[in-house]
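Starting from 1, each residue takes its place in the sequence as its number. Computation of the quantities below employed the complete heavy-atom set of this structure, encompassing side-chain atoms and omitting hydrogens, waters and symmetry-equivalent molecules.
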Amino acid sequence: MSETAIATALKLEAARYRNASSAIPAGVLKQTGGEPLSASELADLAAAFNAARATNQTAALNEYLSYTETATTPDKMLLIDSAEFQAMEMARLCNVPPYLVGVSVGSYSYQSSNESRADLWTFGARAYADCIAATLSQNNVLPNGTYVEFDVEGYLMGDYSENNDMAQPYREEVNL
């Protein structure tokens, strides 16, 4: 199901970008008189209208054309509800709590940054890190009896400075 969810998220983001970059609201350009235009002529007319509106603030139509805006609001054009749903789907797919990816989850108890970091490690990154460590620890990668382990204490404590006390022993181990 992840392939479908990812494809949907990508298409949704493309639609949001298209709607956000439009200079005018979505609408219908309609021929009201004259000789009927073919499908390709109508498509060319619509493309020329969009191109002209992208560079000009004023549109000019003759008596045989009318433009009617659709009754969409910005929240509908930017597909806000759909985007939030897809973000929730991506969080589910990655096994990450929705609040860590900025999705509103309604009334949720207060979460500190330390708790958020621990949740991100536990729910999001640990499975991948454990797989990488196990793969690198195999005898065909490293000498027999050698293993790889991620040191995440500094991350979980929120101490990212180069001169922190947690990073120093690790650097000494690597240098040995």
Side-chain angles (χ1 to χ4, degrees), residues 1-31 37-57 59 61 65-138 140-141 148-152 154-156 158 160:
M1 291 183 45
S2 63
E3 183 180 337
T4 304
I6 292 170
T8 302
L10 291 172
K11 288 177 183 176
L12 177 64
E13 193 58 30
R16 287 170 48 93
Y17 178 76
R18 184 179 58 250
N19 287 339
S21 61
S22 177
I24 57 174
V28 177
L29 189 59
K30 185 167 85 171
Q31 182 180 6
L37 299 174
S38 69
S40 63
E41 290 172 326
L42 286 172
D44 291 343
L45 178 65
F49 181 78
N50 282 337
R53 289 292 290 137
T55 57
N56 299 313
Q57 292 297 317
L61 300 174
L65 294 173
S66 69
Y67 179 77
T68 308
E69 293 180 8
T70 55
T72 58
T73 59
D75 61 328
K76 289 179 184 173
M77 285 188 67
L78 293 178
L79 307 166
I80 292 170
D81 291 336
S82 300
E84 188 156 315
F85 176 80
Q86 276 312 117
M88 182 79 79
E89 285 294 299
M90 294 297 101
R92 286 185 193 120
L93 177 66
C94 296
N95 200 29
V96 176
Y99 68 88
L100 288 178
V101 295
V103 176
S104 173
V105 290
S107 61
Y108 190 78
S109 62
Y110 173 76
Q111 184 91 5
S112 72
S113 61
N114 286 342
E115 292 168 326
S116 294
R117 270 194 300 281
D119 283 354
L120 182 58
W121 168 251
T122 302
F123 298 115
R126 185 173 186 165
Y128 299 106
D130 287 348
C131 180
I132 291 167
T135 301
L136 292 176
S137 297
Q138 293 179 4
N140 63 342
V141 178
V148 173
E149 185 178 79
F150 284 96
D151 180 12
V152 297
Y155 166 75
L156 292 175
Y160 305 115

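- One finds the CH2 atom of Trp121 at 6.5 Å from the CZ atom of Phe150 (value rounded to the nearest 0.5 Å).
- Within the 4.5 Å cutoff, no side-chain heavy atoms of Asp44 are placed close to those of Phe49.
- A search for side chain to side chain contact (heavy atoms under 4.5 Å, CB included) contacts involving Ser40 returns Ser38, not counting sequence neighbours.
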For this session: Output, in order, the C-alpha distance, side-chain angles, deciding distance and verdict of side-chain contact (heavy atoms from CB on, under 4.5 Å) for Leu29 and Thr68.
Result: CA-CA 7 Å; Leu29 189 59; Thr68 308; over 6 Å; no

Problem set entry | Residues Glu89, Ile6; criterion side-chain contact (heavy atoms from CB on, under 4.5 Å); working and verdict | CA-CA 9 Å; Glu89 285 294 299; Ile6 292 170; over 6 Å; no

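- The shortest non-hydrogen separation linking Leu79 to Ala15 is CD1-CB, 3.7 Å.
- Asp130 is linked by a salt bridge (charged side-chain N to carboxylate O under 4.0 Å, His left out) to Arg126, counting only residues two or more places apart in sequence or in another chain.
- Considering every non-hydrogen atom in both Met88 and Pro98, the closest pair reads SD-CG, 3.3 Å.
- Partners of Thr8 by side chain to side chain contact (heavy atoms under 4.5 Å, CB included), not counting sequence neighbours, listed by chain and number: Thr4, Gln86.
- Panel note: side chain Arg16, backbone Ala83; no donor-acceptor pair is recorded below 3.5 Å.
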For this session: Given side-chain contact (heavy atoms from CB on, under 4.5 Å), test Val103 with Phe85 step by step and report yes or no.
Result: CA-CA 9 Å; Val103 176; Phe85 176 80; over 6 Å; no

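- The nearest pair of heavy atoms linking Pro97 to Asp119 is CG-CB, 4.5 Å.
- Between Ser137 and Val148, the shortest heavy-atom distance links the atoms OG-N, 2.6 Å.
- Between atom OG1 of residue Thr135 and atom CG of residue Asn140 there is a gap of 9.0 Å, rounded to the nearest 0.5 Å.
- Contact annotation: the side chain of Tyr67 never approaches that of Val28 to less than 4.5 Å [non-hydrogen atoms, C-beta and beyond].
- The minimum heavy-atom distance linking Leu42 with Gln31 is given by the pair CD2-OE1, 4.5 Å.
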